[in-house]
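One-based numbering along the sequence shown. Note: hydrogens, waters and symmetry copies are ignored here, and every other heavy atom, side chains too, is used.
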Amino acid sequence: IYARNLHFADKSERIASVLKQRWYKEDNRWENYEQNLKSHDERGNEVQSILQQWNRDAQDWLNVQMKTTTYDARGNEAEILYQEWHRPTQQWFNTVVYLISYNHDFEKSEVVVRTYGAMENRWDNYMRFSFSYRDGYGPPYEVHVDTWRTPESRWQTFGRYNLTYNNRGKVTQETRATWSESQRDWVPGVRYLISYRRDTRIEDIEQRWDYTSRRWIN
C-alpha cells in the first residue's frame with residue numbers, strides 16, 4: 001500500500017474535495033499529503049479549485065495553487081485563471097490564463113495562453129491552439145499550435161495535432177508534428193494509437209517517428 005484518494009461530495013452529489021493521503025508503514029497509519037477544494041455554480045460547473053499541501057511540522061494545510069474558471073452565457077468555459085500562493089505576503093499571484101473562444105456553431109475555435117509578468121505587471125502571449133472541424137460539426141480533426149515571438153510581436157507556427165475518431169466520438173489516433181522553418185515542412189514526432197471496447201479504453205500505444213527507416217516505431 002502506498003497512497004489513496006478520498007473523494008468527498010456535497011449535498012448535490014458534486015465532488016467538493018479530493019484528499020490524497022500516503023501510507024506510513026512504520027507508523028501504521030495514513031497521513032495527509034494533498035487536497036483539492038472545489039466550488040461550483042448553480043449549473044454545477046466547477047468555478048474554483050484550490051490545491052493545498054500538508055505541512056507535517058505545522059500540522060496544517062498550506063495553499064499552493066488556485067484555478068478559477070469563468071463561463072459564458074451558454075455555459076462554455078471562457079477563461080481559466082491559475083494563481084499561486086505567495087506565503088510572505090499571504091496573497092494569490094497571477095501565473096497563467098487560458099482564454100477560450102468559440103465559433104458560430106458553439107464549438108471551441110481557439111485557446112490563447114498568456115503568462116503573467118509580475119515585474120512588468122502585465123499579461124503576455126505565450127501559446128495559441130486553433131481548432132479545425134469538418135463540415136462545421138463534430139470533434140476537431142486538427143489542432144494548430146503557435147508560439148508567441150516577443151521581439152516581432154507575432155505568432156509563429158510551432159506544432160500540429162491530427163486526430164481520428166471512432167463512431168462513438170472517441171479519439172483512436174493522435175499524430176503530433178512540429179514545424180521546421182529550415183525544411184519548410186511538418187516533421188512527424190509522436191503518434192498515439194488508442195483502442196476501446198465500447199466506451200472503455202483498453203489499450204494505448206505510443207509510437208515515435210524513425211527518420212532512418214521513415215516509419216513509426218512502437
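- Within a 6.0 Å sphere centred on CZ of Arg215, heavy atoms belonging to other residues, nucleotides or ligands number 12 at most.
- A distance-only check finds a donor-acceptor pair linking the side chain of Glu107 to the backbone of Gly138 [under 3.5 Å].
- Within the structure, side-chain hydrogen bond (donor to acceptor under 3.5 Å, both in side chains) pairs that include any residue of residues 178-196 comprise Trp179-Glu181, Ser180-Ser182, Glu181-Arg184, Arg191-Gln207 (at least two apart or interchain).
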Inset, instruction - Step by step, work out the side-chain contact (heavy atoms from CB on, under 4.5 Å) result for Val190 and Glu206. - result: CA-CA 7 Å; Val190 63; Glu206 180 178 323; 3.8 Å; yes
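- Listed by first then second residue, pairs satisfying side-chain hydrogen bond (donor to acceptor under 3.5 Å, both in side chains) with a partner in residues 61-81 read Gln52-Asn63, not counting sequence neighbours.
- Residues Thr175 and Asn162 bring no donor and acceptor atom of their side chains to less than 3.5 Å of each other.
- In this structure, Phe129 CZ and Tyr161 OH are separated by 5.5 Å, a value rounded to the nearest 0.5 Å.
- Here Tyr126 and Trp148 keep their ring centres 6.0 angstrom or further from each other.
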Report, one line per pair, each donor and acceptor closer than 3.5 Å where one atom sits in a side chain of residues 13-23; sequence neighbours left out.
unit_1: Gln21; atom_1: OE1; unit_2: Arg4; atom_2: NE; d: 2.8
unit_1: Gln21; atom_1: OE1; unit_2: Arg4; atom_2: NH2; d: 2.8
unit_1: Gln21; atom_1: NE2; unit_2: Asn32; atom_2: OD1; d: 2.9
unit_1: Arg22; atom_1: NH2; unit_2: Tyr33; atom_2: OH; d: 3.3

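- Cation-pi geometry between Arg176 and Phe158 is not met at under 6.0 angstrom from the ring centre and within 45 degrees of the axis.
- Between the CG atom of Leu37 and the CZ atom of Phe8 there is a distance of 11.0 Å, given to the nearest 0.5 Å.
- Counting heavy atoms from C-beta outward, Asn125 and Trp155 have side chains that approach closer than 4.5 Å.
- Rounding to the nearest 0.5 angstrom, the gap separating the CD1 atom in Ile50 from the NZ atom in Lys38 is 11.0 Å.
- Contact check for Trp54 versus Gln59: side-chain heavy atoms found under the 4.5 Å cut-off.
- Between Leu81 and Tyr116, every side-chain heavy-atom pair lies at or beyond the 4.5 Å cut-off.
- A search for ring pair (Phe, Tyr, Trp, His ring centres under 6.0 Å) contacts involving His40 returns nothing, not counting sequence neighbours.
- Listed here is the closest heavy atom pair of Trp123 and Arg114: CZ3-O, 3.5 Å.
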Inset, instruction - Test side chain to side chain donor-acceptor pair (under 3.5 Å) on Thr115 and Asp124 and set out the steps. - result: CA-CA 5 Å; Thr115 56; Asp124 292 314; 5.5 Å; no
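- Looking at Tyr82 and Tyr98, their side chains come closer than 4.5 Å, going by heavy atoms from C-beta outward.
- Put simply, CZ on Arg160 and OG on Ser132 are 10.5 Å apart, with the number rounded to the nearest 0.5 Å.
- Formation of a donor-acceptor pair under 3.5 Å by the Asn55 side chain with backbone atoms of Asp57 is found in this model.
- Here salt bridge (charged side-chain N to carboxylate O under 4.0 Å, His left out) pairs that include residues 140-155, with residues two or more places apart or in two chains, are Arg128-Asp146, Arg149-Glu152.
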Inset, instruction - In sequence, state the C-alpha distance, the side-chain angles, and the governing distance for Ile100 and Tyr102, and then conclude on side-chain contact (heavy atoms from CB on, under 4.5 Å). - result: CA-CA 7 Å; Ile100 308 168; Tyr102 299 83; 3.6 Å; yes
Inset, instruction - Kindly indicate, with the supporting measurements, whether the criterion side-chain contact (heavy atoms from CB on, under 4.5 Å) is fulfilled by Val96 and Val113. - result: CA-CA 7 Å; Val96 178; Val113 184; 3.7 Å; yes
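- Residues Arg43 and Asp41 are not paired through a salt bridge, judged by the lack of any N-O separation under 4.0 Å between the basic side chain and the carboxylate.
- To the nearest 0.5 Å, atoms CD (Gln173) and CD1 (Ile205) are separated by 10.5 Å.
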Inset, instruction - Begin from the C-alpha positions of Ile194 and Arg201 and carry the test side-chain contact (heavy atoms from CB on, under 4.5 Å) through to its verdict. - result: CA-CA 7 Å; Ile194 306 156; Arg201 191 167 178 155; 3.4 Å; yes
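- The side chain to side chain contact (heavy atoms under 4.5 Å, CB included) test applied to Glu120 returns Arg122, not counting sequence neighbours.
- Cluster annotation: Val143 is connected to Val171 through the hydrophobic network of ILVMFWY side chains, with a link wherever side-chain heavy atoms come within less than 4.5 Å.
- One distance of note links CD of Gln83 with CG of Asn94; it measures 5.0 Å at 0.5 Å rounding.
- The side-chain heavy atoms of Pro140 and Tyr133, taken from C-beta on, include a pair separated by under 4.5 Å.
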